[in-house]
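Heads up, the thing below is written out as structure tokens.
In the text below, chain A, chain B and the rest are named by the order of the sequence lines, each starting its count at 1.
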Amino acid sequence: MAPALLGRRLLRRTPEGLLGGTIVETEAYGGPEDRASHARAGLTRRTRPMFGPPGHAYIYLVYGQHWCFNIVTEEDGVAGAVLVRAIAPDVGIEEQRRRRGRSHDPVARLGAGPARLCQALAIDGGLDGIDLTLGPPLWVADAAPGTPPPAVVCGPRVGVGYAGEPWTSIPHRFGIEGHGSLSRPFAT
DNA sequence: CATAGGATTTGCT
DNA sequence: GCAAATCCTATGC
């Protein structure tokens with residue numbers, strides 16, 4: 001699911017209008033066996049959405065100040081989710097820039113990071129656990145018909161050095177090759 | 001009940 | 001390149 005989501009679009013309805021962008025970077029996280037996954041601690045109040053039905057949101061606060069957005073991927077009762085690490089904004093750009101509060105940042109960098117995209121799209125803990133298959137307020141749309149499949153690159157997940165091998169090095173980070181909205185470069 | 005640390009970002013050196 | 005910001009979860013006694 002992580003590479004399959006690349007090129008699809010993440011959309012958000014807010015009182016200020018429609019916001020959205022193309023997903024350009026993702027990471028896959030597994031169940032209790034994956035020592036880099038929040039599910040490593042089993043089913044807790046925080047990780048409950050990860051163990052729930054697929055197509056729902058798992059949203060958590062990291063470092064006490066940043067929200068991160070995941071899409072749950074496995075059947076009900078099995079933990080697994082895809083962290084969306086970057087989007088390329090394409091709808092409601094001015095509002096996204098306003099929400100980011102950095103008026104001089106180039107558009108391509110507004111959603112270049114898991115916490116940046118949440119701020120740009122007004123995603124926070126209030127949306128944790130919601131069903132993403134119902135449309136508004138938050139949903140995923142297919143790429144436009146006729147859009148060629150993106151060139152995908154992969155590499156180790158970011159910021160999981162604590163997990164130990166093989167979890168630290170397993171190439172479960174995916175991105176659209178050379179895209180200007182990647183959160184950071186892939187090693188080549 | 002106390003404490004360690006994090007799927008990040010930003011600003012300063 | 002490095003460290004601070006800042007809160008909540010998970011874990012240990």
Q. What do the steps show when you test A:Arg40 against A:Glu33 for salt bridge (charged side-chain N to carboxylate O under 4.0 Å, His left out), and what is the final call?
A. CA-CA 6 Å; A:Arg40 65 186 181 275; A:Glu33 77 287 351; over 6 Å; no
For [Y], is there any backbone N or O sitting under 3.5 Å from a side-chain donor or acceptor partner on [X]?
X: A:Thr47; Y: A:Gly42; value: yes
X: A:Ser37; Y: A:Asp34; value: no
X: A:Arg35; Y: A:Thr168; value: no
X: A:Arg157; Y: A:Ile170; value: no
X: A:Asp128; Y: A:Ile59; value: yes

Starting at atom [atom1] of [X], determine the distance to atom [atom2] of [N], rounded to an integer number of angstrom.
X: A:Arg116; N: B:dG11; atom1: CZ; atom2: P; answer: 10 Å
X: A:Met50; N: B:dA7; atom1: CE; atom2: P; answer: 11 Å
X: A:His66; N: B:dT8; atom1: NE2; atom2: C1'; answer: 4 Å
X: A:Trp67; N: C:dT6; atom1: CH2; atom2: C1'; answer: 13 Å
X: A:Arg157; N: B:dT8; atom1: CZ; atom2: P; answer: 12 Å
X: A:Asp105; N: B:dG11; atom1: CG; atom2: C1'; answer: 13 Å
X: A:Phe174; N: B:dA7; atom1: CZ; atom2: P; answer: 19 Å
X: A:Arg184; N: C:dG1; atom1: CZ; atom2: P; answer: 12 Å

(Q) With rounding to the closest Å, how many angstrom separate the P atoms on C:dA4 and B:dA4? (A)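 Their P atoms lie roughly 16 Å apart.
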Q.
Rounding to an integer number of angstrom, what distance separates B:dG5 and C:dA3 when you compare their C1' atoms?
A.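 After rounding to an integer number of Å, I get 15 Å for this pair.
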Q: Go through C:dT6, B:dT8, B:dT10 for me and flag the one nearest to the A:Val158 side chain.
A: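 Taking heavy atoms from C-beta onward, the closest nucleotide is B:dT8.
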(Q) Classify A:Gln65 by what it touches in the nucleic acid, base, sugar-phosphate, or nothing, heavy-atom distance under 4.0 Å. (A)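 Base, at least one base heavy atom under 4.0 Å.
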Q: Please work out if A:Arg102 contacts a base, only the sugar-phosphate, or nothing of the nucleic acid, heavy-atom cut-off 4.0 Å.
A: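 Sugar-phosphate only.
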Q) Hey, is the side chain of A:Arg100 poking within less than 4.0 Å of OP1 or OP2 on B:dT10, counting only N and O atoms? A)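 Result: yes.
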Q.
Would you say A:Tyr162 places a side-chain N or O within less than 4.0 Å of OP1 or OP2 belonging to B:dA7?
A.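 Yes, within the criterion.
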Q | Residues, nucleotides or ligands: over 12 heavy atoms within 6.0 Å of A:Arg13 CZ | A |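 For A:Arg13, atom CZ is not crowded (no more than 12 foreign heavy atoms under 6.0 Å).
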Q.
Under 4.0 Å, heavy atom to any atom of DNA chain B: which of residues 75-87 of chain A qualify?
A.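 Heavy-atom contacts with DNA chain B come from A:Leu83, A:Arg85.
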Q. Does a side-chain heavy-atom distance below 4.5 Å link A:Thr188 with A:Val153?
A.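 A side-chain contact is absent here, since even the closest heavy-atom pair is not under 4.5 Å.
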Q) Going by heavy atoms in the side chains, are A:Val82 and A:Asn70 under 4.5 Å from each other? A)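 Not touching, per the 4.5 Å side-chain cut-off.
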Q. Given A:Gln119 and A:Arg100, is the side-chain hydrogen bond (donor to acceptor under 3.5 Å, both in side chains) satisfied, shown in steps?
A. CA-CA 6 Å; A:Gln119 190 176 19; A:Arg100 282 284 297 147; 2.5 Å; yes
Q | A:Ile23, A:Val140, A:Asp90 screened by side-chain contact (heavy atoms from CB on, under 4.5 Å) with A:Arg9, the one that passes | A |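 By the side-chain contact (heavy atoms from CB on, under 4.5 Å) criterion, A:Arg9 pairs with just one of A:Ile23, A:Val140, A:Asp90: A:Asp90.
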Q | Heavy-atom protein contacts under 4.0 Å, nucleotides 8-13 of chain C, coded B base, S sugar-phosphate only, - none | A | -SS---
Q. If you write DNA chain C from 5' to 3' in dot-bracket form, with Watson-Crick or G-U pairs under 3.5 Å, [ ] for crossing pairs and | for pairs with another strand, what do you get?
A. |||||.||||||.
**Q.** N-O pairing of A:Arg98 and A:Glu94 below 4.0 Å
**A.**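 Not counted as a salt bridge, because no side-chain N and carboxylate O are separated by less than 4.0 Å.
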